K.L.:
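Handing you a structure now.
Convention: sequence-line order gives letters A, B, ...; per-chain numbering from 1. Since the structure is predicted, the reported quantities are computational estimates derived from the model, not experimental observations.
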There are 2 protein chains.
Amino acid sequence: MFNYAYPHPALTVDIVIYTLRNAELKLLLIKRGGQPYKGKWALPGGFVQMDEGLEEAARRELEEETGVSGVYLEQLYTFGEPGRDPRERVVTVAWYALIPSDQIHIRAASDAEAVGWFGVDELPELAFDHSQIVQMAHKRLVAKLDYSTLAFQFMPSEFTLTQLQQVYETILQQEMDKRNFRKWVLALEAIEETGHKQREGQHRPAKLYRVKNPGRVDVIK
Amino acid sequence: MFNYAYPHPALTVDIVIYTLRNAELKLLLIKRGGQPYKGKWALPGGFVQMDEGLEEAARRELEEETGVSGVYLEQLYTFGEPGRDPRERVVTVAWYALIPSDQIHIRAASDAEAVGWFGVDELPELAFDHSQIVQMAHKRLVAKLDYSTLAFQFMPSEFTLTQLQQVYETILQQEMDKRNFRKWVLALEAIEETGHKQREGQHRPAKLYRVKNPGRVDVIK
DNA sequence: TTCGTTAGTGTATTAAGTACACTTAAATGT
DNA sequence: ACATTTAAGTGTACTTAATACACTAACGAA
């Protein structure tokens with residue numbers, strides 16, 4: 001039992017985990033096994049331990065659900081309306097993570113819950129205020145493509161310019177001109193040729209590129 | 001006494017309250033009367049009540065310390081490193097507020113604490129991790145001037161273009177060309193002439209403008 | 001060697017941002 | 001009334017970034 005002179009809310013982290021698969025933006029959901037919202041899909045998350053920081057808690061949950069670590073993770077917003085959880089006052093610090101498309105051979109889940117990747121346009125009804133969280137995450141993601149190098153966080157260690165362009169086109173939901181895109185992205189000086197080529201399909205092989213500073217997201221303009 | 005099966009952190013809100021005075025960006029600090037960090041300056045803030053939302057709590061604290069309400073308030077970030085408060089685990093949801101320069105005839109403070117406006121370049125040593133919070137708030141503020149109409153939140157109901165330019169110059173710490181600034185800001189179509197003029201000093205009177213959507217902050221470009 | 005497919009490239013046009021200096025309208029002092 | 005001081009107000013040329021647009025190159029398969 002833990003006693004306090006004043007009431008304390010419970011504190012959780014929830015994570016919107018994005019990846020790109022089949023030219024579609026997907027996010028990870030977990031089917032709730034217990035009440036409330038039993039059987040509904042929800043964002044992965046859980047309680048913050050007393051001896052861990054908030055980002056640390058988010059990375060722990062991320063690793064537990066997907067097995068991945070070291071990926072891009074950013075705090076999104078903190079949600080704490082009274083009544084957002086019917087049991088007790090729960091405040092959640094929401095985060096979003098981007099997983100490169102080559103790291104999704106992750107184990108399904110740590111515990112026995114049902115886990116699934118959902119296209120952002122085919123989301124089921126979500127538990128709690130999680131659809132509000134997802135909505136805000138998507139807005140942030142789209143906005144950041146415009147003024148940062150965030151999109152590179154989706155790329156595998158080597159990738160073609162066409163693949164990179166598809167990432168932008170998928171998330172922004174608009175087609176782009178190939179020549180203009182290449183001119184623009186190369187002018188950023190954030191990627192470089194690896195010297196390798198990707199030979200696949202009956203056509204000219206594509207040059208492979210890598211991100212110069214893989215972990216880093218820079219503001220551009 | 002309040003009992004929980006699992007330990008809960010305490011939850012606070014802290015607010016970076018900005019205003020502009022004498023062509024200087026200032027923020028409000030409160031001298032701590034009790035331990036820890038007794039006598040040190042700190043951001044205004046306090047515990048979140050169990051029946052109020054997070055923004056509600058921030059607005060309550062803002063109103064208690066400054067008497068102002070209805071001003072621009074935005075969530076900044078949530079800080080929750082274990083050990084940031086020596087007494088117990090305290091997680092704080094940090095906000096920042098912008099107060100128009102004509103609303104600073106506010107009452108000094110609700111309680112007996114010492115309260116003061118400090119220029120952002122002349123801040124004293126701060127309690128807790130508050131200097132980290134201030135640093136992040138300043139970064140956000142500067143960034144948002146570039147891609148939103150945030151700066152208008154500092155303006156009184158009627159203002160001259162020169163005053164508006166000074167707001168940008170003060171916060172961005174760089175001089176701007178008068179003609180280019182006017183061309184740019186008028187092209188935003190976010191402000192309009194009031195028809196009034198400001199006569200003061202031995203020079204040509206300036207046209208007064210107002211913000212078209214006073215509460216609103218739009219992303220530009 | 002022809003066909004199918006995706007990779008890769010340049011130029012002209014338009015829009016936005018930057019650099020830069022004089023005139024105007026008022027108040028003050030003689 | 002006139003000259004002086006002060007900040008308000010205005011336009012144009014130049015530079016840079018964004019856009020529109022179509023063909024050639026390199027490979028695999030038949």
K.L.:
Determine the interplanar angle of the B:Tyr18 and B:His138 rings, folded into 0 to 90°, and report it as parallel if under 30°, tilted if 30 to 60°, perpendicular if over 60°.
P.N.:
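Correct class here is tilted.
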K.L.:
Send over the distance from A:Leu188 CG to D:dA18 P, rounded to a whole Å.
P.N.:
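Rounding to the nearest Å, CG of A:Leu188 and P of D:dA18 are 10 Å apart.
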K.L.:
Rounding to an integer number of Å, can you tell me how far A:Glu193 CD sits from C:dG8 C1'?
P.N.:
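Result: 11 Å.
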K.L.:
When you match B:Gly201 and A:Tyr209 each to their closest nucleotide on DNA chain C, which lands nearer the 5' end?
P.N.:
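Nearest nucleotide further toward 5': that of A:Tyr209.
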K.L.:
So, OP1 or OP2 of D:dA7: does either fall under 4.0 Å of a side-chain N or O from B:Thr162?
P.N.:
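It does not, given that no N or O in the side chain of B:Thr162 lies less than 4.0 Å from OP1 or OP2 of D:dA7.
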K.L.:
Can you tell me how far P of D:dT5 sits from NE2 of B:His203, to the nearest Å?
P.N.:
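Interatomic distance, NE2 of B:His203 to P of D:dT5: 16 Å.
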K.L.:
B:Thr162 and B:Arg182: side-chain donor and acceptor closer than 3.5 Å?
P.N.:
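Yes - a donor-acceptor pair under 3.5 Å links their side chains.
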K.L.:
Contact class for B:Thr160 vs. all strands (heavy atom < 4.0 Å): base, sugar-phosphate, or nothing?
P.N.:
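Here B:Thr160 touches no strand at all.
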K.L.:
Hey, are A:Lys144 and A:Asp146 close enough for a salt bridge, meaning a charged N less than 4.0 Å from a carboxylate O?
P.N.:
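Not counted as a salt bridge, because no side-chain N and carboxylate O are separated by less than 4.0 Å.
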K.L.:
Which whole-number value in Å describes the distance from B:Leu186 CG to C:dA16 P?
P.N.:
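To the nearest whole Å, that distance equals 15 Å.
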K.L.:
Could you give the CZ-to-C1' distance, from A:Arg199 to C:dT5, as a whole number of Å?
P.N.:
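Rounding to the nearest Å, CZ of A:Arg199 and C1' of C:dT5 are 17 Å apart.
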K.L.:
At a heavy-atom distance below 4.0 Å, what parts of residues 167-183 of chain A sit against DNA chain D?
P.N.:
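Those residues whose heavy atoms fall under 4.0 Å from DNA chain D, taken from residues 167-183 of chain A in numerical order, are A:Asp177, A:Arg179, A:Asn180, A:Lys183.
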K.L.:
For B:Ile220 and C:dA16, what is the distance between atoms CD1 and C1' respectively, to the nearest whole Å?
P.N.:
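Checked: the CD1 to C1' distance equals 13 Å.
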K.L.:
For A:Leu29 and A:Pro124, work out which heavy atoms get closest and say how close.
P.N.:
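It is CD1-CD, 3.7 Å.
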K.L.:
Does any N or O donor sit under 3.5 Å from an N or O acceptor when you compare the side chain of B:Gln202 with the base of D:dT5?
P.N.:
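Indeed, a donor on one side and an acceptor on the other fall under 3.5 Å apart.
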K.L.:
Mind checking whether A:Val91 and B:Thr78 have side chains closer than 4.5 Å, heavy atoms only?
P.N.:
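No. Closest side-chain heavy atoms not under 4.5 Å.
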K.L.:
May I have the distance from A:Gln165 (atom CD) to C:dG8 (atom P), rounded to whole angstrom?
P.N.:
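So the CD-P distance, A:Gln165 to C:dG8, works out to 12 Å.
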K.L.:
To the nearest Å, give me how far apart CG (B:Leu208) and C1' (D:dA7) are.
P.N.:
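Spelled out: CG on B:Leu208 to C1' on D:dA7 is 14 Å.
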K.L.:
Does a sphere of radius 6.0 Å around CD in B:Gln135 hold more than 12 heavy atoms from other residues, nucleotides or ligands, not counting ones at 6.0 Å or beyond?
P.N.:
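Check fails, neighbour count at 12 or below.
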K.L.:
I'd like to know if the side chain of B:Asp177 reaches the main chain of B:Arg179, judged simply by a donor and an acceptor atom lying under 3.5 Å from each other, with no hydrogens or angles considered.
P.N.:
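Present.
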K.L.:
Record whether the side chain of B:Arg204 comes under 3.5 Å of the base of C:dT24 through a donor-acceptor pair of N or O atoms.
P.N.:
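A donor-acceptor contact between them is present.
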K.L.:
B:Lys207 or B:Lys221: which one's nearest nucleotide on DNA chain D is closer to the 5' end?
P.N.:
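Final value for this comparison: B:Lys207.
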